[in-house]
Amino acid sequence: MSNVFDDIPFFDEEPEQRRASEPAAPPAAGGLGIAARAMAARDQNRAAPDYLSGLNPEQREAVETVDGPVLVLAGAGTGKTRVLTTRIAHILATGRAFPSQILAVTFTNKAAREMKERIGVLVGGAVEGMPWLGTFHSIGVKLLRRHAELAGLRSDFTILDTDDVIRLIKQLIQAEGLDDKRWPARQFAGMIDNWKNKGLTPKDIPEGDARAFANGKGRELYRAYQDRLKTLNACDFGDLLLHPIAIFRDHPDILKEYHAKFRYILVDEYQDTNTAQYMWLRLLAQRPKGVPQNVCCVGDDDQSIYGWRGAEVDNILRFEKDFLGARVIKLERNYRSTEHILGAAGHLIAHNEGRLGKTLFTDRSDPDDEKVQVHAAWDSEEEARAVGEEIERLQRGDADGKKHALNDMAILVRASFQMREFEDRFVTLGLNYRVVGGPRFYERLEIRDAMAYFRLVCQPADDLAFERIVNTPKRGLGDTTVRTLHDYARARDVPMLAAASEIIETDELKPKARKALFDVIQSFRNWQERLEKTPHIELAEQILEESGYTDMWKNDKSAEAPGRLENLKELIRSMEAFESMRGFLEHVSLVMDAEQNEDLDAVSIMTLHSAKGLEFDTVFLPGWEEGLFPHQRALDEGGRSGLEEERRLAYVGITRAKRRCHIWFVSNRRIHGLWQSTMPSRFLDELPAHHVDVAASESNYGGYGGRGGYGQSRFDKADPFANTYSTPGWKRAQANQTNATRDNWGTRSGHAVERIGYGENGPRGRTIEGELVAKSVAETPSQFTLGDRVFHIKFGNGNIAAIEGNKLTIDFDKAGQKRVLEGFVERV
DNA sequence: GTGTCATACGTTTTT
DNA sequence: CGTATGACAC
């Protein structure tokens with residue numbers, strides 16, 4: 001392997017120097033590089049390198065099958081990240097490539113960071129030497145900075161975030177003379193995003209799409225948007241992928257250089273790739289016949305939950321066709337969860353069609369392991385209360401004698417509005433919680449303002465930044481002045497800051513505005529001069545001081561003002577980690593998250609989507625009701641595939657749990673301000689009885705059980721007939737319970753034994769027995785008949801209009817037609 | 001330019 | 001029902 005690298009063009013500064021002074025192959029030992037350290041690690045034990053020990057056979061195969069295409073189907077909790085990082089370490093240790101010759105792509109910055117850290121641990125020391133490990137977007141930026149001119153940009157282009165994009169589009173819509181209320185900029189931004197996810201440029205978009213917006217001007221508007229970006233020397237997120245794709249396509253010589261450069265390619269979360277990312281990857285990974293395609297994609301089709309934003313599960317299903325001779329390795333040994341949790345999750349996901357079909361298993365089996373618990377509550381308030389109680393019980397340790405940390409518990413919801421009820425409850429309880437994934441640091445008003453100042457100093461052509469802060473703080477440069485300036489700039493095709501310098505020489509503006517504008521220009525000239533001389537942190541402070549921005553908040557007497565000032569300080573502090581203001585800006589445009597406080601012991605509350613990749617000892621999954629989960633809109637707009645994605649989301653939720661998983665559903669939930677009667681989720685029906693307990697004791701089926709004061713719901717207080725009322729559904733349900741199958745809403749299921757191992761039913765094996773509860777139609781006839789007059793606590797009196805098993809459709813006198821479980825009504 | 005009223009809307013989200 | 005955004009008046 002002596003001279004194989006000689007012909008490889010290097011683009012990295014570091015290897016470039018090395019090539020000039022040293023042999024091309026990675027240094028054997030003693031060097032400072034990551035490869036050298038890895039090789040040293042290998043040499044210590046030639047037979048079985050350290051880093052390979054402790055891998056199971058499949059993991060080891062995935063690590064050691066380094067040449068040729070490999071698809072690793074890694075189920076939840078099967079050591080996916082470990083495989084990826086070890087594989088990289090292996091490539092380095094065996095001297096197959098320099099760190100800079102490995103392209104490793106992730107979806108989130110967090111994943112990239114984690115991977116870097118873990119490779120560092122394996123190889124010893126920090127991983128400065130992996131310049132091409134990052135997100136699709138951060139690698140896209142890197143590529144684009146090098147070849148910007150081929151995309152009609154300068155290499156110092158700015159990256160716009162969604163907020164900038166929307167403001168820009170709004171301007172364009174108005175410029176077209178269109179009504180921006182009828183054609184919301186936000187919506188069009190979404191459309192552009194979707195097009196770009198599919199790799200479509202203005203000429204490629206379907207005629208129907210083009211017509212659907214702005215009186216048929218969709219395509220022109222998209223084109224105008226791209227033109228505007230070019231004049232602004234700016235990019236949106238989609239362009240970070242699309243521009244490189246276009247460059248690779250139009251310049252085969254450049255693509256060839258990268259082919260030579262990237263000897264090994266790895267992709268994480270492959271099931272989440274969209275069409276544009278797929279195109280990008282294929283361009284880089286596919287080689288002429290006979291040339292090895294060393295590409296390794298890792299993913300899990302069962303965890304594909306981003307179809308709605310353009311991810312194509314097909315990409316993973318199609319891998320073997322795209323890369324002929326691909327080795328497919330399944331990782332099914334789970335190191336995370338109990339067999340009950342895996343059993344429940346596996347049985348649920350088996351209801352999906354078109355899977356690649358994995359079955360997670362574990363050796364660990366402990367008779368003390370808790371089954372997955374299904375709980376019922378009357379309404380969402382009681383749900384929050386009961387979850388809070390369970391959390392406190394675990395915390396105190398009365399459940400199993402062990403005290404559990406709040407950090408090991410999480411509540412995973414389908415939609416963020418569900419969080420509020422939990423937050424309210426936890427505030428009253430004084431229970432620490434943390435909301436993960438909410439509004440982010442860099443999206444805050446004051447941070448965005450400050451960033452706009454910095455952006456404009458570094459990039460004088462950034463008109464969006466200019467418009468944002470030209471009158472913040474107030475300088476008497478109102479709408480009219482800005483519009484005049486805007487038109488002036490557009491007419492001459494120059495950036496607004498430059499136009500401002502010109503316009504103050506004319507008499508187009510009123511003297512007052514002219515003076516104010518002059519001061520702004522002077523300030524920016526000043527700061528720009530200091531950019532190279534002054535340390536960026538000092539400069540940042542000076543900018544915020546001299547512009548009057550910090551004063552603006554100091555003089556603000558509102559409650560948030562102190563917090564905003566604190567955030568600005570935090571912003572300055574976070575700049576310390578960067579060597580220049582430009583470096584910082586680049587980081588922020590790509591990494592919108594800020595670290596959470598890990599020291600505090602707190603329950604995590606987050607959406608199921610943001611829980612992917614995480615794990616907790618105890619997981620609470622509230623809101624398993626038809627319409628919410630699966631979500632009605634997913635059903636309406638996505639049909640069967642929409643339902644399957646919801647089911648995958650449920651699967652993701654359950655598999656986050658290591659030891660305990662509590663699922664909840666309620667009978668009444670407030671949706672859009674109105675109380676709605678809700679049906680238990682169909683996913684509950686799809687859980688295997690064998691691994692699930694229906695917990696009756698604590699909550700008394702939403703307060704209906706009436707055993708002791710504990711479960712008293714406000715229903716009991718509100719209704720004088722509560723006691724008599726508490727009988728029908730619940731008592732019948734209890735009477736119908738069989739030993740193995742506890743059946744919660746009065747439907748007799750009858751399947752006592754699970755006959756088919758979870759996951760063994762092939763793609764078409766839809767008949768799955770041993771479910772928790774039989775399907776909607778009950779085997780026992782309803783005690784009600786059509787036309788019966790009934791009473792419901794929330795909806796009052798009504799007549800039965802239809803009966804399906806235990807589900808009644810009732811025309812209520814006041815509340816209109818609703819579907820409710822028969823257990824919740826009483827004949828009058 | 002700021003504050004107040006009216007109206008619309010109401011999954012999931014990274015980069 | 002609650003929030004977020006926009007229009008309009010002061």
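Everything numeric in this text was worked out from a predicted model, so none of it was measured. Naming convention: chains lettered A, B, ... in sequence-line order (proteins, then strands); numbering from 1 in each chain.
Evaluation of the ring pair (Phe, Tyr, Trp, His ring centres under 6.0 Å) rule for A/F620 yields A/H662 as partners, not counting sequence neighbours. A/Y306 is linked by a ring pair (Phe, Tyr, Trp, His ring centres under 6.0 Å) to A/W308, A/H609, counting only residues two or more places apart in sequence or in another chain. With sequence neighbours excluded, no residue satisfies side-chain hydrogen bond (donor to acceptor under 3.5 Å, both in side chains) with A/Q676. Remark: A/F213 engages A/W183, A/F188 in a ring pair (Phe, Tyr, Trp, His ring centres under 6.0 Å) (not counting sequence neighbours). Among residues two or more places apart in sequence or in another chain, the side-chain hydrogen bond (donor to acceptor under 3.5 Å, both in side chains) test is passed with A/D300 by A/Q303, A/K358. Every residue two or more places apart in sequence or in another chain that forms a ring pair (Phe, Tyr, Trp, His ring centres under 6.0 Å) with A/F136 is listed here: A/F107, A/W280.
For the salt bridge (Lys or Arg N to Asp or Glu O under 4.0 Å) condition, no pair includes a residue of residues 182-191 of chain A, sequence neighbours left out. Residue pairs satisfying the salt bridge (Lys or Arg N to Asp or Glu O under 4.0 Å) criterion with at least one member in residues 632-641 of chain A, sequence neighbours excluded, are listed as follows: A/E353-A/R640, A/R633-A/E637, A/R640-A/E644.
Whole-Å rounding puts the A/Q676 CD to C/dC1 P distance at 14 Å. B/dT15 atom P lies 18 Å from atom CG of A/D239, rounded to whole Å. Taking atom CG of residue A/D163 and atom P of nucleotide B/dT15, one finds them 17 Å apart after rounding to whole Å.
Contact check for A/D551 versus A/P473: no side-chain heavy atoms found under the 4.5 Å cut-off. Looking at A/Q418 and A/S380, their side chains never come closer than 4.5 Å, going by heavy atoms from C-beta outward. Counting only heavy atoms from C-beta outward, the side chains of A/F262 and A/W132 approach each other to under 4.5 Å.
Under the 4.0 Å criterion applied to side-chain N and carboxylate O atoms, A/E686 and A/R682 are not assigned as salt-bridge partners. By the 4.0 Å N-to-carboxylate-O rule, A/D272 lies too far from A/R309 to be salt-bridged with it.
Closest-nucleotide positions on DNA chain B for A/L240 and A/G476 were compared, and the one nearer the 5' end corresponds to A/G476.
Nucleotides C/dG2 and B/dT13 have their C1' atoms positioned 22 Å apart, rounded to a whole Å. Using C1' as the reference atom, C/dT5 and B/dT12 are 22 Å apart when rounded to the nearest Å.
Proximity of residues 267-283 of chain A to DNA chain B (heavy atom under 4.0 angstrom from any strand atom) is not detected for any residue.
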*Heavy atoms under 4.0 Å is the rule here; annotate nucleotides 9-14 of chain B 5' to 3' with B where the base is hit, S where only the sugar-phosphate is, and - elsewhere.*
-BBBBB
*What is the per-nucleotide protein-contact pattern of nucleotides 5-10 of chain C, from the 5' end, where B denotes a base atom under 4.0 Å from a protein heavy atom, S denotes such proximity for sugar-phosphate atoms only, and - denotes neither?*
-SS---
Using the 3.5 Å cut-off, write out each protein N or O paired with an N or O of nucleotides 2-5 of chain B and the distance between them.
| residue | atom | partner | partner atom | Å |
| --- | --- | --- | --- | --- |
| B/dT2 | OP2 | A/K474 | NZ | 3.4 |

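Classified by its glycosidic torsion, B/dT12 falls in the anti category, the angle being over 90° from 0.
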